[in-house]
Amino acid sequence: MDKVRDYAAAGVDISRAQESLALAKDLIRSTHTPNVLSDVGEFGGMYLASFPGIEEPVLVASIDGVGTKTSLAVTPQHFEGIGADIVNHCVNDILAQGARPLFFLDYFGASKIEPQAFQCVLKGVAAACKAVGCALLGGETAEMPDVYSGGAFELAGCIVGVVSKAARLPRPDVRPGDALIALGSTGLHTNGYTLARRVLFETLALSPDEPHSALGVTPRQALLATHRCYLASVSPLLGHAGPVKGIAHITGGGLVDNVPRMLPAGFAAYVDRSTWKEPALFGLIRTGGVSDSEMLHVFNLGVGLVMVVERAESDSVLATLRAAGDEAWQIGEVVSGECEVRFGPGPP
């Protein structure tokens with residue numbers, strides 16, 4: 001057996017990683033805002049902490065990944081979509097506390113760094129950052145053949161945003177009778193993929209790339225729909241005098257776990273499931289034998305974001321959202337009780 005005498009022979013090609021970064025430099029710089037003081041390749045990203053017009057600025061940070069959604073990506077367009085997914089997911093997470101994004105850092109790990117694939121992922125990351133005025137401040141690439149197998153890769157991201165102390169969410173004035181306003185999702189977003197793939201491709205034995213009549217597209221296309229960003233729709237409604245009192249981003253744990261995160265102690269949420277129609281993808285997963293309780297706890301079921309809104313302002317909020325082209329519904333209300341979600345058709 002030949003002796004391994006260098007890093008490349010051990011499975012890690014440093015020059016390939018450097019080539020990938022070189023190709024991405026212009027993409028990264030294109031996202032930089034005037035507050036960015038560092039350049040690509042420095043040991044740390046520097047951001048000028050100056051926030052004119054924001055009284056008592058509070059920094060809000062979050063970190064997440066796209067999970068096994070990456071295993072479905074096989075084309076450059078798919079890789080770009082995965083890049084947008086991670087940014088949008090993180091933007092929505094800090095939006096739940098009323099924050100706007102400042103800068104983003106990414107992590108890309110793979111068994112082998114393929115420059116073209118990496119470039120496509122970064123293209124999606126950069127485009128999503130630019131769309132929300134967020135600087136791509138830095139990142140990390142890791143080639144680890146002993147950790148990732150085959151063509152597998154992992155994508156994660158960290159975001160930092162800002163909100164004034166007076167406008168941070170959730171607000172303490174959430175009360176019974178406040179309306180729950182929901183915005184539609186664009187599919188699974190970035191959660192539940194391990195279960196969905198097993199059910200669709202193993203239990204139901206569907207072909208990933210054969211069009212399905214219930215979906216109108218192939219299962220792969222339905223599953224890879226980009227995680228929606230809600231910043232443009234929701235930000236006009238925010239502020240210490242705005243109608244929104246709380247926001248829940250519906251990610252892992254579904255409505256069951258995420259809605260209670262925006263409620264004070266002593267309050268619960270009543271959700272009327274007859275107020276919106278589940279997209280066909282979730283119905284298809286159900287046919288694989290997944291229970292209703294499991295569906296509620298794993299998937300968003302067509303609801304990507306839920307807001308607590310003052311009851312008297314719920315109609316105007318819905319009108320504003322729908323006028324902008326959003327799918328929006330009043331799906332329930334805040335009620336007294338343990339911090340939980342109660343489901344049913346009809347009034348509470």
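Model, not experiment: these values are computed from the prediction.
- Expressed to the nearest 0.5 Å, how far OG of Ser30 lies from NZ of Lys130 amounts to 4.0 Å.
- Between the Thr31 side chain and the Leu136 main chain, a donor and an acceptor come within less than 3.5 Å of each other.
- Looking only at side-chain heavy atoms (C-beta outward), Val244 and Val308 stay at 4.5 Å or farther from each other.
- Listed by chain and number, the residues in a ring-ring contact (aromatic ring centres under 6.0 Å, His included) with Phe104 amount to none (sequence neighbours excluded).
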Between Asn300 and Ser185, does the side-chain hydrogen bond (donor to acceptor under 3.5 Å, both in side chains) criterion hold? Intermediate values first, please. CA-CA 8 Å; Asn300 64 59; Ser185 70; 2.8 Å; yes
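- Remark: Leu183 CG to Asp326 CG distance equals 5.5 Å, nearest 0.5 Å.
- Between Thr251 and Thr190, every side-chain heavy-atom pair lies at or beyond the 4.5 Å cut-off.
- Without hydrogens or angle criteria, Ser233 side chain to Tyr230 main chain gives no donor-acceptor distance under 3.5 Å.
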Can Ile250 and Val259 be said to form a side-chain contact (heavy atoms from CB on, under 4.5 Å), step by step? CA-CA 7 Å; Ile250 311 305; Val259 170; 4.1 Å; yes
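- Heavy atoms only, all atoms of each residue included: Pro243 and Leu237 are closest at CD-O, 3.1 Å.
- The backbone N or O of Thr226 sits less than 3.5 Å from a side-chain atom of Thr186, completing a donor-acceptor pair.
- Among residue pairs with one or both ends in residues 37-50, those qualifying as side chain to side chain donor-acceptor pair (under 3.5 Å) are Arg29-Asp39; sequence neighbours excluded.
- Using a 4.5 Å cut-off on side-chain heavy atoms (C-beta onward), Phe299 and Leu255 make no contact.
- Between Ala196 and Leu188 the shortest heavy-atom distance is CB-CD2, 3.6 Å.
- Here the CG atom belonging to Leu59 is positioned 7.0 Å from the CG atom belonging to Leu102, to the nearest 0.5 angstrom.
- Neither Val91 nor Phe51 shares a network with the other; the hydrophobic side chains, linked directly or stepwise wherever heavy atoms of I, L, V, M, F, W or Y lie under 4.5 Å apart, form separate groups for each.
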Candidate pair Ser111 and Ser149, rule side-chain hydrogen bond (donor to acceptor under 3.5 Å, both in side chains), full reasoning: CA-CA 6 Å; Ser111 58; Ser149 60; over 6 Å; no
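- Inspection of the Glu154 and Tyr107 side chains reveals no N or O donor paired with an N or O acceptor under 3.5 Å.
- Using a 4.5 Å heavy-atom threshold, the side chains of Tyr193 and Leu223 count as touching.
- Leu27 and Phe103 fall into different hydrophobic clusters, where Ile, Leu, Val, Met, Phe, Trp and Tyr are joined by side-chain heavy atoms under 4.5 Å apart, directly or via other members.
- The ring-ring contact (aromatic ring centres under 6.0 Å, His included) check on His227 picks up His89, His189, His249, with sequence neighbours excluded.
- Cluster membership for Tyr148 and Phe108, using ILVMFWY side-chain heavy atoms within less than 4.5 angstrom, is not shared.
- A donor-acceptor pair under 3.5 Å links the side-chain atoms of Thr218 to the main chain of Gln221, judged by distance alone.
- Remark: Ser316 engages Glu313 in a side-chain contact (heavy atoms from CB on, under 4.5 Å) (not counting sequence neighbours).
- Side-chain contact between Val271 and Trp276: present, with at least one pair of heavy atoms (C-beta onward) separated by less than 4.5 Å.
- Residues satisfying the salt bridge (charged side-chain N to carboxylate O under 4.0 Å, His left out) test with Asp178, not counting sequence neighbours, are Lys245.
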Would Thr75 and Arg220 satisfy side-chain hydrogen bond (donor to acceptor under 3.5 Å, both in side chains), going step by step from the backbone distance to the final call? CA-CA 11 Å; Thr75 71; Arg220 190 191 304 274; over 6 Å; no
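- Here the closest non-hydrogen pair linking Leu105 and Leu137 is CD2-C, 4.4 Å.
- Scanning all heavy atoms of the two residues, the minimum distance from Pro172 to Arg175 falls at O-NH1, 3.2 Å.
- Looking at Asp272, its side chain does come within 3.5 Å of a backbone N or O of Ser274 through a donor-acceptor pair.
- Ion pairing of Arg311 with Glu333 is present here, as a side-chain N (NZ or NE/NH1/NH2) and a carboxylate O approach within less than 4.0 Å.
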Evaluate Leu281 against Leu200 for side-chain contact (heavy atoms from CB on, under 4.5 Å), listing each step before the verdict. CA-CA 10 Å; Leu281 177 58; Leu200 296 178; 4.2 Å; yes
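- Atom CD1 in Ile159 sits 12.0 Å away from atom CG in Asp106 (nearest 0.5 Å).
- The pair Asp292-Arg273 meets the salt-bridge criterion, with a side-chain N (NZ, NE, NH1 or NH2) lying under 4.0 Å from an Asp/Glu carboxylate O.
- In this structure, Gln330 and Ser314 have side chains that are in contact, with non-hydrogen atoms separated by less than 4.5 Å.
- Residues His78 and Leu72 have side chains not in contact (no heavy-atom distance under 4.5 Å, counting atoms from C-beta outward).
- Taking 4.0 Å as the cut-off between side-chain N and carboxylate O, Arg286 and Glu278 count as a salt-bridged pair.
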Mind running side-chain contact (heavy atoms from CB on, under 4.5 Å) on Met295 and Ile285 for me, showing each step along the way? CA-CA 9 Å; Met295 293 293 296; Ile285 294 171; 3.9 Å; yes
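- A donor-acceptor pair is defined here as one N or O able to donate and one able to accept, closer than 3.5 Å; such a pair exists between the side chain of Asn92 and the backbone of Arg228.
- Within the 4.5 Å cutoff, side-chain heavy atoms of Leu206 are placed close to those of Leu284.
- By the side-chain contact (heavy atoms from CB on, under 4.5 Å) test, Ile63 pairs with Cys158, sequence neighbours left out.
- Across all their heavy atoms, Ala84 and Ala128 have their closest contact at CA-CB, 3.9 Å.
- Taking CG of Leu305 as the start and CG of Leu95 as the end, the distance is 6.5 Å to the nearest 0.5 Å.
- Under a hydrophobic clustering in which Ile, Leu, Val, Met, Phe, Trp and Tyr are joined whenever their side-chain heavy atoms come within less than 4.5 Å, directly or via other members, Leu238 and Ile54 fall into different clusters.
- Once rounded to the nearest 0.5 Å, the distance linking CZ of Arg197 with NZ of Lys69 reads 12.5 Å.
- The distance between the ring centers of Phe153 and Phe79 falls below 6.0 angstrom.
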For side-chain contact (heavy atoms from CB on, under 4.5 Å), just list the numbers for Arg100 and Val162, CA-CA rounded to whole Å, side-chain angles, deciding distance to a tenth of an Å, and then say yes or no. CA-CA 6 Å; Arg100 64 172 176 84; Val162 65; 3.9 Å; yes
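- Taking both residues in full, the closest heavy atoms of Trp329 and Arg322 are given as CA-NH2, 3.9 Å, listed atom of the first, atom of the second, then distance.
- By the rule that hydrophobic residues join a cluster once side-chain heavy atoms approach within less than 4.5 Å of another member, Leu122 and Val40 end up as members of one cluster.
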